[in-house]
**Student:** 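Dropping the structure in here first, questions after.
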Amino acid sequence: MEDEYLQRLNAEQLKAVQHPHDVPLQILAGPGSGKTKVLTSRIAYLILHEHIQPQSICAVTFTNKAAREMKERLTKLIGKSKVEEVKMGTFHALCALFLRRYPTRVGVKNNFTVCDADESKSILKRLLNSYKDCLEDNHLSLDVRNVMSMISKAKSRGQSPHDLATRAKHFGGHTPTENVIDRIIAELYESYEKFLRENNSLDFDDLLVYGVKLFSQQQTTNWCRHVLVDEFQDTNTLQYELMRHIASSSRCVTIVGDPDQSIYGWRSAEVANLAKMKLDFPATVQIYLEQNYRSTASILRASMTIVSQDQTRIPKTLHTSHPDGCIPVLRRFPSEQDEATCIAREIKRLSASSGGMLGWEDFVILLRMNSLSRSLESALRKEGIPCRVLKGQKFFERLEIKDLLAYLQLVDNPEFVPAFERVINVPARGIGDKTLGEILRAAHAKQLSPLAFIERIHDGRVPDVKPPVKRKIASFVKAIRELRVTARQGTMPADIIRKLIILVEYEDHLKRTQPDADTRWENVMELINFASEVQTELNDYPLQDLPDETTPTGDKDWDDMPDETEVAELDEEGIVEVKPNNSKTTAAQMADTNLEASTPLRLFLQASLLSGDSGDGGEEGGKEKVTISTCHSAKGLEWPVVFIPAVEEGTFPFALSEDANEERRLLFVACTRAQSLLYLSHCNKRLIAGKQMDRRLSTFVKAVIEDTPVCDIFAEETPELDRAHLEQMAAILGRQTPNQDVVVQKLAEFYSTDRYHKFMPTSGNALSTTFVAADAVYRTDTDKAIQQRQVLNKPSNNQVLSKVTHGRQSTQQYSGRSLVRMKPTAVSGPHHDTSNRRPVAALCPGHSKQLLPLQQVFQPANEQSPRYSSLAALTRGHLHDASNAEDPRGTFLSSSKQGFDSPGTAAPPPAPSVPIKRRLGMGRMVTGYANKKFRPPQS
DNA sequence: TATAACTTCCTTTTT
DNA sequence: GGAAGTTATA
Ligand SMILES: Nc1ncnc2c1ncn2[C@@H]1O[C@H](COP(=O)(O)OP(=O)(O)OP(=O)(O)O)[C@@H](O)[C@H]1O
């Protein structure tokens, strides 16, 4: 009974779970083979059968979201209390946790601030400025982002600034200029490090660097009896070192991974760590899982065909017992708007034709990059489909959020100058660049942090600077001091933020300075929400079993930290200082009562910075919403229906990417997220960085089409969900097959609300495909459906419906089914149980194979690829017929320019001219404008 | 010092 | 389509 979870595993999975705990294990398996499930079960097994204490287990996941999910799954197996004791999280989160606990072991302070990428960037930008002349002299240019990535890579490889410098000197670049660049980078690296140390700050890589230092000490790792690592193929050198150190006393390691899914090489991930592990742990055993439980056979086939083009790849078998299902769809569109509209329509159609078995939350749109989401968001909005955009990081990049967090950072870590600079004049206190520069200079001369310096000015114990500031900073100092006391008392972050916005009158400030103050204020409220949500689960509980820091200065360090500068002042002036607001006394009291390494505020700040993935979207966030996400953050997840737009050269592979194979694997990862239905699409034109660009189908897919004699890998037709398919789908998803009456009714509703309906025949593209496919269902289903449609024949739909009924032939004639006609054989191939593999003629009885390939409509004939030519010749006549009848070209193109919203038609509501509001991952409302000054939308 | 208005330059993925 | 940086003006 308690072993029930073991019975839900197949033989290989069971073998992996029950593998002797003291023999290092690599579980290597393709997508959907249950790796994560096995890892979770193994943790349960180690605790329940091998009687390893939960607190002696270290489980590393790739994202915080994955950690949360694993906790959830594990809770079902072993109960909440045990799960909470397991040391689980990302490498970064675990390092941060331990560094706060044992800071002095590696010479950091436990109130260090995590420096996010944005902050790193502006620090480096400033440092880079001083090399401007040098670079110009050598006719060189150096982008901050390059510098960042070089430094990050150096850190990830464990190289110090000194290492880089000597390398530059001895091995140098091939050319003198490369040498200059290398030298500059090494120097920048050094100054950057110096800056971070002076500001008591660690960046993401530092967390690992110092983590490795910390975990290389045996006293830090002797609690550990077993380490488990998920997504091992994406670990970098430092992370591998961490794992090795944490496992150094027990030598017990379990990792799972899939080389085909390594997509973080750009972040210094090393697949070679798999081999390295075999060397470091010679007893390592490998277990392979080859059964895929996630996807239909045809999705798996398409995915494997794509990834198999990688010649360097080690072949791997993966099979499924699921039926073929619908052939993945590959479509081409004239523009990204058409693509987006069609995806939105298709989501609606599927939702309807599944009779509600598929809810909004069952659909995902996976993108190569976030910037592609705009057109999709607006198309979904037009269709009234709720969606969430999974890029929670953006929330923390808002001006208003950054302001507040900077205040809090400053409260926690007075030495963090970037935060000081950000908020010293927020709200406006008459301290501009000049005065600020003066403060910084004078503070530096006195060897004080700027905050400590102005506190002294405020207390009148240091002369004011040239443009006097004493008065201007009074309220600022007062606010900071009050918050400091509050934070030390262990006040909950949400309350601290509430106090903060009152103290600095932040709402007023927003109203005065921001035209969209309302939305920004909503974001502030959302931050408070987030703080209260997260504060309940924030603790360093997993470290409870561990001894306190042995170094005597440890706790002192923490509690005295904010006052450290005061101490310096004591030495300097020899006066015993009475701190305002008794904060010193409070601190002393806290030292006795609070042995934790962290205040709630500190944990909150850390969570804000570390959990950019935002993931689950909270309780309300993800439910009942279509997800839009990047391919990268979709790793490890699954959805019944997956759309992948922009499968084009330039996006897949991305134009600037260095590793085409990694890009292919990324597409593979995206495809393998799908359980039942998969759609790839691409456009002829797309707006890239403000420029209209001609686009072509990705070679990754093109190669598949061209390599396959009979192209049954992809279909150009959207699938028609008949009874058999719904049953199959229900089986795969473990759901109830919908009632047929419900299906019919929902489809009827789908039609009745279809405001683009009248455009379909003339628009002649993908839209009409939706139409035709759905129409086919109608007809094949029952006459009842048709009757129903006639019942629904409201006045406003008269035109539409009459076109539908009388124009059946015309619908067929203009059917855009052959939009992407890879090979003529694609539609005339053998019949399987896949509906969309059926020839159009079969789909629409009475159809006379009169097809209108879209490339003819949208591309001049001479641009057609030779592959299409025979078909083009075949259908040219029909194109003319069609043109004569309704001129699909003109109508579609002109209407498409207006977003299908031409006068005299049932117009969809006008697009709002306000910035787009989005609910982000955590359910936070956000405007379309981020960090910088607000610009009102142009007319 | 603060703000408004203008120009330029981009493309990415995330802990 | 923006963000970041620069310049002009009160
Ligand atoms: N033995 C099994 N029987 C039934 N379903 C299973 C079994 N093993 C795994 N599954 C299901 O297969 C799906 C994929 O599992 P899981 O996410 O663990 O795979 P994975 O190998 O981690 O995938 P990926 O590599 O894509 O992250 C899940 O829905 C899971 O419940």
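In what follows, every chain begins at residue 1, and chains take the letters A, B, ... in the order their sequences are listed.
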**Student:** Which part of the nucleic acid does A/Asn370 contact within heavy-atom distance under 4.0 Å: base, sugar-phosphate only, or nothing?
**Tutor:** sugar-phosphate
**Student:** Check every strand shown and say whether A/Lys125 touches a base, only sugar-phosphate, or nothing at a heavy-atom separation below 4.0 Å.
**Tutor:** sugar-phosphate
**Student:** How long is the line joining CZ of A/Phe395 and P of B/dT14, in whole Å?
**Tutor:** 18 Å
**Student:** Step through the shown structure and confirm whether more than 12 heavy atoms of other residues, nucleotides or ligands are within 6.0 Å of CZ on A/Arg471.
**Tutor:** no
**Student:** Please report the distance, rounded to the nearest Å, between CG in A/Asp203 and P in B/dT14.
**Tutor:** 18 Å
**Student:** Whole angstrom is fine here: how far is it from CG in A/Leu399 over to C1' in C/dG2?
**Tutor:** 15 Å
**Student:** Give the rounded distance in Å between these two atoms: CG of A/Leu656 and P of B/dT13.
**Tutor:** 12 Å
**Student:** Looking at A/Phe396 versus A/Phe530, is the centre-to-centre ring distance below 6.0 Å?
**Tutor:** yes
**Student:** For A/Gly690, report the nucleic acid contact type (base, sugar-phosphate, nothing); a contact means any heavy atom under 4.0 Å.
**Tutor:** base
**Student:** Does A/Ile263 or A/Ala428 map to a spot on DNA chain B nearer the 5' end, using the closest nucleotide for each?
**Tutor:** A/Ala428
**Student:** So, is A/Asn64 close to the B/dT14 phosphate, meaning a side-chain N or O under 4.0 Å from OP1 or OP2?
**Tutor:** no
**Student:** State whether the number of non-hydrogen atoms from other residues, nucleotides or ligands found under 6.0 Å of A/Gln692 atom CD is greater than 12.
**Tutor:** yes
**Student:** Suppose you measure atom P in B/dT12 against the same atom in C/dG5; what distance do you get, rounded to whole Å?
**Tutor:** 16 Å
**Student:** What's the closest nucleotide to the A/Arg374 side chain, out of B/dT14, C/dG1, B/dT12?
**Tutor:** C/dG1
**Student:** Rounded to the nearest Å, what distance is computed from the NZ atom of residue A/Lys153 to the P atom of nucleotide B/dT14?
**Tutor:** 16 Å
**Student:** Tell me every residue that passes side chain to side chain donor-acceptor pair (under 3.5 Å) with A/Lys635, counting only those two or more places apart in sequence or in another chain.
**Tutor:** A/Glu231, A/Asp234
**Student:** Does A/Thr651 reach a base, just sugar-phosphate, or nothing at all? Heavy atoms under 4.0 Å.
**Tutor:** nothing
**Student:** How would you label the contact of A/Phe91 with the nucleic acid (heavy atoms, under 4.0 Å): base, sugar-phosphate, or nothing?
**Tutor:** nothing
**Student:** Between A/Gly432 and A/Thr630, which residue's closest nucleotide on DNA chain B lies nearer the 5′ terminus?
**Tutor:** A/Gly432
**Student:** With the criterion set at under 5.5 Å between ring centres and under 30 degrees between planes, would B/dT13 be stacked on A/Trp266?
**Tutor:** yes
**Student:** Tell me whether the side-chain N/O atoms of A/Thr63 come closer than 4.0 Å to OP1 or OP2 in B/dT15.
**Tutor:** no
**Student:** What is the separation between atom NZ on A/Lys691 and atom C1' on B/dC9, rounded to the nearest whole Å?
**Tutor:** 13 Å
**Student:** Where the side chain of A/Arg145 is defined as all heavy atoms beyond and including C-beta, which of B/dT15, B/dC10, B/dT13 is the nearest nucleotide?
**Tutor:** B/dC10
**Student:** In whole Å, I'd like the distance from the CG atom of A/Leu367 to the P atom of B/dT13.
**Tutor:** 10 Å
**Student:** Under the salt bridge (charged side-chain N to carboxylate O under 4.0 Å, His left out) rule, collect the residues that match up with A/Glu663, sequence neighbours excluded.
**Tutor:** A/Arg368
**Student:** Return the value, rounded to whole Å, for the distance between atom CE of A/Met693 and atom P of B/dC10.
**Tutor:** 14 Å
**Student:** Please find out if less than 6.0 Å separates the ring center of A/Phe112 from that of A/Tyr210.
**Tutor:** no
